[in-house]
Each structure stands twice: as C-alpha cells, then as structure tokens.
Amino acid sequence: MKLILCCVRSVRVLLFSVFCVSAFLIVSPVSAQDVASRRKENTIPPDVQVDFWSDYPNELLARSLVERMTDEELYAQILMFGWAGAEPENLLYQWVGGRGLGSVKVFGWNTDDINLVAKSISSLQKSAASRRFKIPLFVATDQEGGWIRHVKGETANTPGNMAIGASGYPADAWYSAYYISREIKALGINMNFAPPVDLFTNHDSTIIGTRSFGENPQKVGILGGAFAAGSIAAGVIPTAKHFPGHGDTDSDSHINLPVIDVDFETFKKRELVPFIYLIKENIPAVMSGHLSFPKIDSTGAPASLSKYFLTDLLRGELGYKGLIITDDMMMNGDTLYAGSLSNAFRMAIEAGNDIVISSTTARLNEALWTNNLSLMQTDELFRERIKDAAYNVIKAKLDYFKGGNAAPLYPDASSVSQHIPDKEGQLFFLEQACRSITFFKQGEVPLLSENAGSVLLAGSLPKFFEAGRKRYPDCAEFRFSYEPGPNETAWMSENIVKTAAGYDTVIICVSNERSAAIAEALKPLGKKVIVLSIMTPSYSFALDWADSILVGYSYSSYTFEALFGALNGEYSVHGTLPYTAQ
C-alpha cells in the first residue's frame, strides 16, 4: 500500500528535496488573454453538445465544460454551502438548481436522522443533474473520528486520532478511515474533511487536542497517509487539514485569528512534514487554515487568504496538485483580517483556493456573490483564477465520479440500516481502542471485583457507568455534569469526599479541568483512587498521587469498554502516550 509504505522514507531526504533544490525556470510573463486562448485550442468543438457524462478524456472534457460556462456557473462551481436544520431549505435548491452550486457540506446540526440525510443528498444531486451540464455535487462532511463526528445517528463513535497515535499502528489509521468512510459513503457523502495532521505541539490547545495523532511530525505524516489511503479505498475523498498546521496555538480560529510565531526553519521541520508525506502520496485535497505565521508571511494574513502559503509554497515549492479548500469562511479567523465576508471570499480565491466554504447558505443577492461576480467582468486575472479553480473542481469530479468507486449519487434511504452501523467496523473499533489504552501510572492492576472491596464509580457519562457496572456490579455511583461550572465543581468536590469515605476504591473519570479538580479533592482521603482519563490526557497528569491512571483518549463506548477491560486484567496494555507529558 503506497501511502503506508511512505513510513520507510527518510523525512530528511524529503525536506532536502523540497527546500534545497535551487534550480528555477525563467519564463516570460503570460497574460490572462494568452492563457484563455491556449485553453480554447484544446477543447471539444463548440458545436458538439457535451455534458459531465460525455465520453471524452477527463482533462479535455473539464476544459471544454469550463469554456462553455457562464461567469455565474463558473463562480458557483467553486462554492460550497451548508444549510441550517435537518433538511435543505428552498434557498439551497435555488443555488444548486438555479445557479449551479458546486458543492454542499453536511454539518452536525443536519444529521440526527441519517435516513433524512440520505434523502436530502439524493434530492440535492437530482437538482444538480437537472442543469444543462449535469455536474454532480461534491458532498462533504467532517467525520474525523473521535470527538469530531458531524454525521451522527447510528454511525460509529470511534476512539479517534490520538488513540491511533497511542497504538502507533498505521493499519489502525487505515482501517479507522476505511470503516468511517464506508458509513458516510452509504449516505451519498463523497468527501471527508479528514485527516487532521496538525501536530499536538501546544498541549493547552482546546481546538485540536485528541483530533491530533500526536506531536511527532514523521509519525503524524505516516498515520495521516495511512488514514488517507483507507478513505480512498472505501471510496471517499480524504482532505488533509489544517494547512499549514493548527497545532502550536491554544487559540480557536472560529473566534479569532491564531498567530503562530515560529521561524521558517522550525516550521519546515515541524508543521510541514506531515503535509509533505501526504503530498508525495498524491493526497487529493488539502484544507487551508485560518492561521497567521507572521515570521513566514510578513503580511500576517491567514494562510487561507495568503497567496504565498497556497500558491507559492503549497503549489510551487511543495508541488501539490490536488484541490485546495478553505476552512469555513464564516469563522472570525479570516473575516477579522479581510474586513468583510465578500472581501474574504475574493482574497481566498486570489490566494489559490479552489473551493470556498460557507457553513450557511448565502442569500441570492449577498455581496460575496454580487461583488465578486462583478469583479469577474472587470478583472480578467480574477476571472481566469476562477476559471482555473472551476477546472480543478470539475476535473477532480470527473476523476472521482468516473473512477468506479464513488459514493452513490442517489443513496437509498431505505437501505441505510444495512450499512450503518458498519458491523465489521464495530469489531475493529473495540480492538483498536484496546490497542490504544495507555498506563500513565500503573498501580495494583488488575483490579478484580472480588478484591476491589466496595467500589464507587464517579463520573458524568452514562457509557462510563455502563462499562463499569459490567465489571463491578455491586458498585455505587457519584454523578456530576460533564462541564460543571465553578459552583458545581466546588459543591461536587466537597460532596465526593463525604461519599467516598464509605468506600474502599474510587474509580473516577477525568475528561477536563473541572473533573480533574473534583478528582483532586479525593487526595487527602488516602483511599485507593483509580483515574480513567478520556479526551486530552494532560488534565490527569497532576493526579499522580492516585494508585493508577489509565488513558483512553475519547468518550466512545469502545474506549470505556477498553479502559475497564484493562483495569480488570482482560488483556495486556501496550499503548504509548503520543506526546511528551509536561
């Protein structure tokens, strides 16, 4: 498997080949008119009627379709919109059927009823097929695994990427993506915004956390490559994100523009390495992040709006050939810099993005449409950039939809239950969770029911208590909120001490700063305390006074089964913390 075999290649050689070659071609400037003229020379004659499904080579057909499209069709083809609620509203159908919108995105608020998701996608694809060129939609979502799971319903709630990093097996990354992709493919979703290959460099990050495979650039590249290969094998387009790397900041680009103040030498040896692995293996899509690296691009522009990052570095120096897709443009990370949404869309297109995303459906007369459409009439270079992006999108669609392994255009909602949940995937994810479990501190384990004495389970999630009761059927329970406020935290900290006084062993689930504070209150009791850490493990590190600390990386049922199975001695624990404990 080509993507997994990249692990045997030296990253030093890759870096040398990318950054140390100094031969440059010197060419004469080419005008927009020259580019347009050369395109038309290599197209199907205009008197021959064609559509997306015509039988011509993909490059020739893509060029010919682009040359026949109106400005409105060209611009609409590079836009991707989400919608509010469970079903697409009429406005979205106006964009798809009336204007030729190129792509749609399924968000978490659309997916409680996955049968309705399949019906909605089928209906939207039929609307797209009603247009003269019959160009199908890219339908995307964020199904990274673990914490980020936009398609809900009966889909797998998996152990996640940091759990894959803890097991360290590329096969776990491959099969995770494979089973995740098989589920969403059954709904007609053909593009997944995964894997994230951001390094978990800043351990205070709340936006990346367990979405990362870890902090080692080479390891993240290998696991990201394996994940991408599994996705492709299942028939879903993977997307590496968030270029050039969201890991070294605790800021959230939904709220503000994160500034990552690293020099280029650090950047190329760290953030870029996973993307280099994936580019060498022909990753079909990369998502640009709303991230500022002022020591690398002195304008301070977010990478998603930076021609240097996307055109000069990603396309030019790194040789990337696939689609470049923005992160959601409704985030503050780009609009605060650009000054307006319309201006942000323009800058994103000029920077080199091929698809521009809005999590909401724009109104028909919004400035992001009217202003940039008008600019196409007066700025030939801008128009050619949109034509270039539209060509890239259509060519990618032709390659995918005519490649023999595409998601169904018109998924059958009545057959969804045959594919979701994926039965093979359920078995795999439990095994994968067991491979990920890590001892941060190992005390008297295994803890069998007959020698545990009286047991108190303390936590917030029902799946924690369900898995615990299987092993310790006579246990008592102490419950608190998953995200308790400061007053509840103080009250629970006081009361857990009173409750735990009557028990021999306390098993507490720690998922965040608040639950760690509640666990800390148990220290003076001198009881046997066992910490089961889920999500980012860092919150449990200060609890090293506890008898044992087991790390599980997610709140999935597979993770809780694996954690209690390890505590009960049902298998040997071999997971390794995928970043340096601080």
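For reference, positions follow the sequence shown, starting with 1.
Between the side chain of N353 and the backbone N or O of A348 there is at least one donor-acceptor pair closer than 3.5 Å. Side-chain atoms of T326 come within 3.5 Å of backbone N or O of I357 as a donor-acceptor pair. For the pair D334 (side chain) and H290 (backbone), a donor-acceptor distance under 3.5 Å is absent. Between the side chain of T361 and the backbone N or O of F81, no donor-acceptor pair lies under 3.5 Å. Proximity of a side-chain donor or acceptor of T158 to a complementary backbone N or O of G146 within less than 3.5 Å is detected. Under a 3.5 Å cut-off, the side chain of S212 and the backbone N or O of I208 do not form any donor-acceptor pair. The backbone N or O of V286 sits less than 3.5 Å from a side-chain atom of Y320, completing a donor-acceptor pair. Within the 3.5 Å criterion, the main-chain N or O of G289 finds no donor-acceptor partner in the side chain of D327. A donor-acceptor pair under 3.5 Å is absent between the side-chain atoms of K463 and the main chain of Y555, judged by distance alone. The backbone N or O of G322 sits less than 3.5 Å from a side-chain atom of R315, completing a donor-acceptor pair.
Applying the salt bridge (charged side-chain N to carboxylate O under 4.0 Å, His left out) criterion to D248, with sequence neighbours excluded, gives R270. A338 pairs by the side chain to side chain contact (heavy atoms under 4.5 Å, CB included) definition with L305, N343, A344, M347, not counting sequence neighbours. Listed by chain and number, the residues in a salt bridge (charged side-chain N to carboxylate O under 4.0 Å, His left out) with E570 are R471 (sequence neighbours excluded). Qualifying salt bridge (charged side-chain N to carboxylate O under 4.0 Å, His left out) partners for E424, counting only residues two or more places apart in sequence or in other chains: R182.
Ring geometry for F275 versus F243: interplanar angle over 60°, hence perpendicular rather than tilted (30 to 60°). Note on ring orientation: taking the six-membered ring where Trp is involved, the planes of F200 and H203 are parallel (angle under 30°, cut-offs 30° and 60°). Taking the six-membered ring where tryptophan is involved, the planes of W95 and W369 are perpendicular, since the angle between them exceeds 60° and thus also 30°.
Closest approach of I534 and C509 over heavy atoms only: CD1-SG, 3.8 Å. Heavy atoms only, all atoms of each residue included: T111 and I114 are closest at O-CG2, 3.7 Å. In terms of heavy-atom proximity, M191 sits nearest to I325 at SD-CD1, 3.8 Å. Across all non-hydrogen atoms, the minimal contact from V573 to A566 is CG2-CB, 3.5 Å. Here the closest heavy-atom approach between residue L278 and residue A228 is recorded as CD2-CB, 4.1 Å.
Checking N190 against Y400 by side-chain atom types alone, no donor-acceptor pair falls below 3.5 Å. One side chain, S554 or T559, offers a donor N or O that lies under 3.5 Å from an acceptor on the other. Side-chain atoms of N110 and S120 include no donor-acceptor pair closer than 3.5 Å. S231 and N192 share no side-chain donor-acceptor pair at under 3.5 Å.
Surrounding OH of Y169 are at most 12 heavy atoms belonging to other residues, nucleotides or ligands under 6.0 Å away.
The side chain to side chain donor-acceptor pair (under 3.5 Å) pairs that include a residue from residues 401-417 are K185-N405, D412-S414, where partners are two or more places apart or lie in different chains. For the salt bridge (Lys or Arg N to Asp or Glu O under 4.0 Å) condition, the pairs that include at least one residue of residues 223-247, sequence neighbours left out, are D142-K241, E144-K241.
Using a 4.5 Å heavy-atom cutoff, the side chains of Y553 and N161 are not in contact.
Partner of I189 under the side chain to side chain contact (heavy atoms under 4.5 Å, CB included) criterion, out of I237, V139, V236, V104: V139 alone.
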